[in-house]
Q: 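Quick one: the structure is below, and I'll ask about it shortly.
None of the values given here were measured: they were computed from a predicted structure.
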Amino acid sequence: MDQFILDNGDRYRALVRAFKPAPATSGNDPSDSIQASPDFTVCARIRPMLEDETSLGLSEGIFIRDHAQTVDVHQLKKAPIVPWAWAGGVGTLFSYGQTGSGKTFTVSALERHVAETLMDGSSLEGSRKIFICIIELAGQKAFDLLNARKPISILEDSFGTTQLAGAAEHHITDVAVFFHHIDAAALLRRTEATKKNDESSRSHAICRIRIENPSAPEADDGLLYLVDLAGSEAARDKDLHDAGRMKEAREINTSLSVLKDCIRGRALHDADSLAPGGGGKSSVKKPYIPFRQSTLTKTLKHVFDPASTRQCKTITIACVNPCVLDVGPTRNTLRYAELLRVSVPRPKAVEHDPAAPSTWNNEQMRAWIDSSSGTPPISSALLAPTESGRQLLHLSATSFVYRCLKTEGVSAEQANAFQAKFWRLHFDSLHRSGKAGVGAGAVSSPSSHTITNSSRSAEEPSSSMPDLSRQEKLDSSVDPEPGADAIPFKQRIRPGMVVSWSSSKSVVAAWGDGGFYSSVAAAAGIGMAKNYALILCPASAVGERVRDVRGVKVNGKEKEEGDGERYLCAMILPAIMPGAYSISMWRHVVVGVEQMEEEALLEFDNATRYYFLTV
Ligand SMILES: Nc1ncnc2c1ncn2[C@@H]1O[C@H](COP(=O)(O)OP(=O)(O)OP(=O)(O)O)[C@@H](O)[C@H]1O
């Protein structure tokens, strides 16, 4: 951040010089019902800049107004959508403005800047795979700008996710290739002359950068959308336009108007869910978000759809012409931009609830991490150095898990299980307070949890074993025997225990290439690191007719010789939701004790009706 401030020092000073202060309002207005107590005086003392600060090139950020009891604080802010998408979020940038106002110029420069930042990698943690796709939307039609303007289709798949069907996506390995694609797409961009700008773009161009995290294959990919919008035309161009161009202009204006309604609607929706009480019960009518009304907003559905569980940040840059002839359109552009600035309610102080993560301050958040993250304990200093519970709920699943993995000795399973535990606690707290449901709650899940109902009681932080209620103990695979965790699991195998096991003997192979587990996991779009099974009984206890998942008799003549004791187990399969599992009652496998790797603690979640690994 310091470097950012230093790099932009001149600009910052110019903006501060140009600042025209609005009259101060608070405190002295006779119509105010409250006033400062005359018995207490509170004042601010601003020391002068120190030599070491000025020698670094830093500027003052606090300014006292002449003859007024007011200070102006000027903060230089940036919208970090690149690190946001790198961590698994969705970042979208629009450049909006009149024809010839510099939209393409701005987005092209930003694309190059983003390319350099992503490929350089030194300012971002970890490594990622980068993919690029650039398309153009002209009216109802869409074209691939990285494949000779081949027509493509914007379709919604059965999960409701928008797909750019037919668009080529290119894996980028170095910045030169990135630049090459950006330049190639710019050349192909459909252009037609207008009076204002000989290279005027009469279409929207969308550059989508997908950021895949190889170390968290089950997490959503980060997405960056850089959108160069078609120009809103100036009235003085009208005389040159034929009917076709006028229709085109109407389509563009309609899509820009829908875009405005969508950005504004989504911002209002989010503001409502941040309102005191967590939203959802607000008496204010929910804003209608018409994202299906234009191809542009349909393409960017997950940015606007209130049901989307993706965490999004959106930036709009209003580009304006300085020329006196364009003052009218310039005012329209600035009015449009002003409409997108939605006020968000100031968060109110919340009362601490030990069972509701959204009410925890940083200290309480860290105490819970220290006591509930299993063995080895996940470092709270690495997971939540400054964040409150609410802020941590806004972190993408990838970033959460990534931070957990920074603690030495923490496995991906433990990190994922802890992330799931944190989220289930949050959902349970929403259910207790009647705010459950994605979109209605204070924070949307970073993964795809969908809640139906829950009867779980409040969970207190645990020590070495998960601290579950009696009912939960019976529903979980945690050995109910006190002190059981001190005895090696192979010496206390019994029905109800869940184990991870190596499938090298290959029950799995019978299900075809890649195995059943991996094909289920692949269908669910997730990576599955281990096989899990629920122990039912010793294999010798079942009758001759019982067969395993491959149709092989468990105890018959065809039975396979195990090296030692063998158990009949129910297969545990990954569910469609990342980190969730279901028990397949009638898919049986026989697992030898020598194949068992370790005990796994699986906990049933009433809300999602799935099992989750617990720590
Ligand atoms: N910040 C800038 N500095 C210098 N030149 C600029 C700047 N912004 C725009 N221009 C120049 O202004 C002209 C119009 O810019 P540009 O093509 O980006 O406009 P546009 O808003 O994308 O137009 P249209 O909507 O018609 O496509 C170009 O010649 C461009 O090089």
Q: Evaluate the side-chain proximity of Ile317 to Leu93: yes if any heavy-atom separation is below 4.5 Å, no if none is.
A: yes
Q: Whether the side chain of Ser373 engages the backbone of Ile369 through a donor-acceptor N/O pair (distance < 3.5 Å, no angle test) should be reported.
A: yes
Q: Can you see whether Ser294 engages Thr297 through a side-chain donor-acceptor pair at a distance of less than 3.5 angstrom?
A: yes
Q: Considering all heavy atoms of both residues, which atom of Pro83 and which atom of Leu124 are nearest to each other, and what is their separation?
A: CA-CD2, 3.8 Å
Q: For the pair Thr330 (side chain) and Asn321 (backbone), establish whether a donor and an acceptor sit closer than 3.5 Å, ignoring hydrogens and angles.
A: yes
Q: What's the shortest heavy-atom distance between Ala167 and Ile152, and which atoms?
A: N-CG2, 3.6 Å
Q: Holding to salt bridge (Lys or Arg N to Asp or Glu O under 4.0 Å), I want the full list of residues that pass it with Lys313, two or more places apart in sequence or in another chain.
A: none
Q: With distance as the sole test, does Thr162 use its side chain to make a donor-acceptor pair with the main-chain N or O of Lys298 at under 3.5 Å?
A: yes
Q: Less than 3.5 Å apart, any donor N or O on the side chain of Asn332 or Arg335 sitting next to an acceptor on the other?
A: yes
Q: Measure up the His426 and Trp423 rings against each other and bin them: parallel (under 30°), tilted (30 to 60°), perpendicular (over 60°).
A: perpendicular
Q: Could you state the interatomic distance from CG (Leu137) to OG1 (Thr299), rounded to the nearest 0.5 Å?
A: 4.5 Å
Q: Within the side chain of Ser379, is there an N or O that forms a donor-acceptor pair under 3.5 Å with the backbone of Leu382?
A: yes
Q: Taking the side chain as C-beta and beyond, is there a heavy-atom pair between Ser101 and Val320 under 4.5 Å?
A: no
Q: Give, for atom CG of Leu256 and atom CG of Asp261, the distance between the pair rounded to the nearest 0.5 Å.
A: 11.0 Å
Q: Is there a side-chain contact (heavy atoms from CB on, under 4.5 Å) between Ile154 and Ile135? Walk through the geometry before answering.
A: CA-CA 11 Å; Ile154 312 289; Ile135 63 160; 4.3 Å; yes
Q: Out of curiosity, Cys404 SG to Gln419 CD, how far, rounded to the nearest 0.5 Å?
A: 8.0 Å
Q: Within a strict 4.5 Å, meaning less than it, do heavy atoms of the His302 and Tyr225 side chains meet?
A: yes
Q: Would a 4.5 Å heavy-atom cut-off, applied to side chains only, mark Ile315 and Thr92 as touching?
A: no
Q: Verify, without hydrogens or angle tests, whether Asn362 (side chain) and Ala384 (backbone) share a donor-acceptor contact under 3.5 angstrom.
A: yes
Q: List in chain and number order the residues that pass salt bridge (Lys or Arg N to Asp or Glu O under 4.0 Å) with Asp10, two or more places apart in sequence or in another chain; answer none if no residue qualifies.
A: Arg13
Q: List the residues meeting salt bridge (Lys or Arg N to Asp or Glu O under 4.0 Å) with Glu338, not counting sequence neighbours, and say none if there are none.
A: Arg341
Q: Please list, chain by chain and in numerical order, all residues satisfying salt bridge (Lys or Arg N to Asp or Glu O under 4.0 Å) with Arg112, sequence neighbours excluded.
A: Asp183
Q: When you check the gap from the basic side-chain N to the acidic O, do Asp228 and Arg189 get nearer than 4.0 Å?
A: yes
Q: What's the verdict on side-chain contact (heavy atoms from CB on, under 4.5 Å) for Val258 and Leu296, showing C-alpha distance, side-chain angles and the deciding distance?
A: CA-CA 9 Å; Val258 172; Leu296 173 67; over 6 Å; no
Q: Is there a side-chain contact between Ile182 and Ser108, using heavy atoms and a 4.5 Å cut-off?
A: no
Q: Between Tyr581 and Tyr532, does a ring pair (Phe, Tyr, Trp, His ring centres under 6.0 Å) hold up when you go through it step by step?
A: CA-CA 9 Å; Tyr581 296 89; Tyr532 294 101; 5.5 Å; yes
Q: Supply the atom-to-atom distance Ile263 CD1 to Phe291 CZ, rounded to the nearest 0.5 angstrom.
A: 14.5 Å
Q: Between Cys133 and Leu164, what is the shortest heavy-atom contact and its length?
A: SG-CD1, 3.9 Å
Q: Between Glu251 and Arg202, is a salt bridge (charged side-chain N to carboxylate O under 4.0 Å, His left out) present by the stated rule, with each step listed?
A: CA-CA 10 Å; Glu251 275 177 359; Arg202 306 307 306 138; over 6 Å; no
Q: Are Arg403 and Glu387 within salt-bridge range, i.e. N to O under 4.0 Å?
A: yes
Q: Would you compute the distance between atom CD of Gln98 and atom CZ of Arg331 and round it to the nearest 0.5 angstrom?
A: 14.0 Å
Q: Dump the intermediate steps for side-chain hydrogen bond (donor to acceptor under 3.5 Å, both in side chains) on His204 and Ser255, then the final yes or no.
A: CA-CA 10 Å; His204 309 298; Ser255 73; 2.9 Å; yes
Q: Would you mind reporting whether Thr314 and Ile81 have side-chain heavy atoms less than 4.5 Å apart?
A: no
Q: Dump the intermediate steps for side-chain contact (heavy atoms from CB on, under 4.5 Å) on Phe422 and Leu392, then the final yes or no.
A: CA-CA 10 Å; Phe422 180 52; Leu392 219 58; 4.0 Å; yes
Q: If you take the centroid of each ring, where Trp contributes its six-membered ring, are Tyr288 and His269 closer together than 6.0 Å?
A: no
Q: Show every salt bridge (Lys or Arg N to Asp or Glu O under 4.0 Å) that has at least one partner inside residues 204-213, sequence neighbours left out.
A: Glu169-Arg208, Glu169-Arg210, Arg210-Glu212, Arg210-Asp221
Q: What verdict does the side-chain contact (heavy atoms from CB on, under 4.5 Å) test give for Asp144 and Glu136, after you've listed the backbone C-alpha separation in whole Å, the side-chain angles of each residue and the deciding distance to 0.1 Å?
A: CA-CA 6 Å; Asp144 186 349; Glu136 180 189 54; over 6 Å; no
Q: What heavy-atom pair brings Ser95 and Lys103 nearest, and what distance separates the two atoms?
A: OG-CB, 3.2 Å
Q: Do you know which two heavy atoms are closest between Leu224 and Ala85, and how far apart they sit?
A: CG-CB, 3.6 Å
Q: Within a strict 4.5 Å, meaning less than it, do heavy atoms of the Val303 and Arg266 side chains meet?
A: no
Q: Do side-chain atoms of Asp305 reach the backbone of Lys301 as a donor and acceptor pair under 3.5 angstrom?
A: no
Q: Quick check: does any side chain N or O of Glu116 sit under 3.5 Å from a backbone N or O of His113, one acting as donor and the other as acceptor?
A: no
Q: Which ring-ring contact (aromatic ring centres under 6.0 Å, His included) pairs, counting each pair once, include a residue from residues 77-105, with sequence neighbours left out?
A: Tyr96-Tyr336
Q: Under 4.5 Å between any side-chain heavy atoms of Ile209 and Val114, yes or no?
A: yes
Q: Taking atom CZ of Arg292 and atom SG of Cys262, what is their separation to the nearest 0.5 Å?
A: 11.0 Å
Q: Compute both the distance and the angle, then confirm whether Arg149 meets the cation-pi test with Phe143: under 6.0 Å from the six-membered ring centre, within 45 degrees of the axis.
A: yes
